[in-house]
Amino acid sequence: LKSKQQCDHNNNNNPMFHRTLWIVALFTSIFVFYSSRIVDFNTTRTNVLQGPKSSTPTSKSHSVPTRKPVKLKTRTQRTVPVPFYIYDGKPFDWIHSCFANKEVEALHRNFKHGNDIYFVEQALQHPWRVKDPEQAVLFVVPVLLTWATRNKHCGNISTKDKLKEASVKVLMSDFYKRHKGSDHIIVSTDFRLVMTYQKKLSSLFPGFIWGLQLNNWRIKLNGACAFSVPMNSMLPTTLNSSRSWDLRNQTIAQFDRRAHPFYFKGQVDKRKNYRLRVALGNALQETEKQNFKLTKGGMFIITPYQHGDSNHWLPGVMECNCSQTHGMVTQANSTVRCINCVEGRAASDGENFSPDVQEILRDNPYATDLPETQFAFHVSGDLPSSNRLYDIIKVGAIPVAISRQLEFALPFSDTVPWGDLVVRMTRKLKPSAIVKLLKMGTDKKIRIRRLISRHAADLLWDIDGSRTTTNIFMFAARHCLKLPIPYPDGLPLKKLELPKSGRDAKAYTWVNSTVLLSYT
């Protein structure tokens, strides 16, 4: 006993003993504190590109549910890949109600955001459609939001009232209430959905799956899930499915005989979002000075900024006097030109085009020049993507992307190998990089064009055998509904290595492709 008391006395007077006790007590307290908390790392982590996820829904009257995997109960649900139901009735009959005549409908179809009508039409004829909503795992709301955001009337009724009628019928449906809309889908790529009408649409259709131009628009629309879908090709309908197929399946010898080694036509002005286009024009001019033979026939056509403050216009573009253009000197014999300087060139230069292409709208230089292009530039402006990407794919040219955050706008990225289909250039545009591009080897050209030909039906709405609507259903089922739908051999594709900073465009490393989604 005396020995034990002596030991305790020695420990009480030992500073190291007290320090050890304090450390043990501290770590024990930390362990007990964190053990009592349940942390869901799936809901608290931050995506390096998408940023932190909103913890509160944007709509006060509706909350967005957390989607659980769908249980396939019926025989139809187990045998049909994605059985879906389309709402019908007067509030959803937009195609027959909104268009006064065939000409108006044709204008909407040829508009770059007119894919909403293609989606509804293809869904109505799709073999996976079921008439019994109890058999469906996905519900299509066939409203034409692109039309609604750009037109005040749909027939004899205002588009606002028609949207409200459709919303009331959907929100009162038992099938909406079952999952609070997280198995309902609407498709439209119009940027006005999130830049002008986001509050209204998020209250009319809360908790939906959205097929949009950019998948990071989900939070603005209070959606359960969002992903990118293809935009419309704006090439004229005279470049029909058969002719575009011929262009995509040209031999490499025919492809190398195309008149333009490179091509870009688009708006260029002094605003910050258009600096990449200015930089490309300057780089092309420098390349032209160093190697004119290589760039001969190439075209970089500047179109004016026609809206807003005239201070945004580049000097010389509106008058087209081929003067100094924000660093780019536009001359008559240069590849960099004002739109008005080349407006009438199609007729005079028509003999340089192949006979088939000469038949494609002689009065539309874009429709005649692009099919005769080898490398077509897709350069970001106000948004990372545009219809140009799908125009390029339609004519079988090789797409060259110079765009920040293009990954947000690449549809079906688990099955379409964008990393191999698109040539990606960094923002540091140098003549040497353009020379390297124009001297691309034959094998690589063949490989890229084969991918374009193979996946054109996955991305183009208006060609025979289009699979865009099918891909939308499959993508929504796999990634939003979390259905266990198996992939074919070799799929899904490898993920993209994301940069440490979303601002650092040159840090993007394309492995193959990636699935970029926005979830709750």
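By convention here, the first residue in the shown sequence is residue 1. Scope of the values below: all heavy atoms of this structure, side chains included, with no hydrogens, waters or symmetry mates.
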Given the options Y176, F208, F205, F175, F139 meets ring-ring contact (aromatic ring centres under 6.0 Å, His included) only with F175
Could you list the donor-acceptor pairs under 3.5 angstrom formed by side chains in residues 82-89, with sequence neighbours left out?
from	atom 1	to	atom 2	distance (Å)
Y87	OH	S173	OG	3.4
Y87	OH	H184	NE2	2.7

Within the side chain of R129, is there an N or O that forms a donor-acceptor pair under 3.5 Å with the backbone of L124? yes
Contacts of F119 meeting ring pair (Phe, Tyr, Trp, His ring centres under 6.0 Å) (sequence neighbours excluded), chain-then-number -> F473
Classify the ring geometry between H479 and F475 as parallel (under 30°), tilted (30 to 60°) or perpendicular (over 60°). tilted
Return yes if some donor-acceptor pair links the side-chain N/O of N387 with the main-chain N/O of K112 below 3.5 Å, else return no. no
With T373, which residues qualify under side-chain hydrogen bond (donor to acceptor under 3.5 Å, both in side chains), at least two apart? none
Between E105 and R109 (salt bridge meaning N to carboxylate O under 4.0 Å), is one present in this structure? yes
Distance only, no hydrogens: is a donor on one side chain within 3.5 Å (strictly under) of an acceptor on the other, for H108 and N151? no
Quick check: does any side chain N or O of S182 sit under 3.5 Å from a backbone N or O of G207, one acting as donor and the other as acceptor? no
Should the heavy atoms of other residues, nucleotides or ligands under 6.0 Å from CZ of R178 be counted, would the total exceed 12? yes
Assess whether side-chain contact (heavy atoms from CB on, under 4.5 Å) is satisfied between V423 and I448, documenting all intermediate values. CA-CA 9 Å; V423 178; I448 293 174; 3.8 Å; yes
For the backbone of H153 and the side chain of W147, can you confirm whether one donor and one acceptor N or O come within less than 3.5 Å of each other? yes
S167: what forms a side-chain hydrogen bond (donor to acceptor under 3.5 Å, both in side chains) with it, not counting sequence neighbours? none
S403 (side chain) donor-acceptor with P384 (main chain) under 3.5 angstrom: yes
Applying side-chain contact (heavy atoms from CB on, under 4.5 Å) to A166 and not counting sequence neighbours gives P91, F92, V143
Kindly write out the residues that satisfy side-chain contact (heavy atoms from CB on, under 4.5 Å) with R454, not counting sequence neighbours, or none if the list is empty. L451
Mark yes or no: R192 above the aromatic ring of Y197, with NZ or CZ under 6.0 Å from the six-membered ring centre and no more than 45 degrees from the axis. no
Among all residues two or more places apart in sequence or in another chain, which pass the ring pair (Phe, Tyr, Trp, His ring centres under 6.0 Å) test with H455? none
Count the heavy atoms belonging to other residues, nucleotides or ligands that lie under 6.0 Å from NZ of K177, then report whether that count exceeds 12. yes
Begin from the C-alpha positions of H126 and T470 and carry the test side chain to side chain donor-acceptor pair (under 3.5 Å) through to its verdict. CA-CA 8 Å; H126 204 281; T470 298; 2.8 Å; yes
Can you list the steps and then say if T189 with N115 is a side chain to side chain donor-acceptor pair (under 3.5 Å)? CA-CA 7 Å; T189 56; N115 48 11; 3.3 Å; yes
Should the pair R277 and F377 be classed as cation-pi, given the thresholds of under 6.0 Å to the six-membered ring centre and 45° from the axis? no
So with a 6.0 Å cut-off around NZ of K169, is the heavy-atom count from everything else above 12? yes
Taken in chain and number order and not counting sequence neighbours, the residues that satisfy side-chain hydrogen bond (donor to acceptor under 3.5 Å, both in side chains) with R150 are D190
I'd like to check the side-chain contact (heavy atoms from CB on, under 4.5 Å) partners of S453; sequence neighbours left out, ordered by chain and number. N249
Is there a donor-acceptor contact under 3.5 Å from the side chain of Q122 to the main chain of W461? yes
For S385, side-chain hydrogen bond (donor to acceptor under 3.5 Å, both in side chains) partners two or more places apart: none
What's the verdict on side chain to side chain donor-acceptor pair (under 3.5 Å) for S228 and N215, showing C-alpha distance, side-chain angles and the deciding distance? CA-CA 5 Å; S228 176; N215 55 35; 6.0 Å; no
What residues, two or more places apart in sequence or in another chain, satisfy side-chain contact (heavy atoms from CB on, under 4.5 Å) together with D132? E134, Q135
Partners meeting ring pair (Phe, Tyr, Trp, His ring centres under 6.0 Å) with W94 (sequence neighbours left out): none
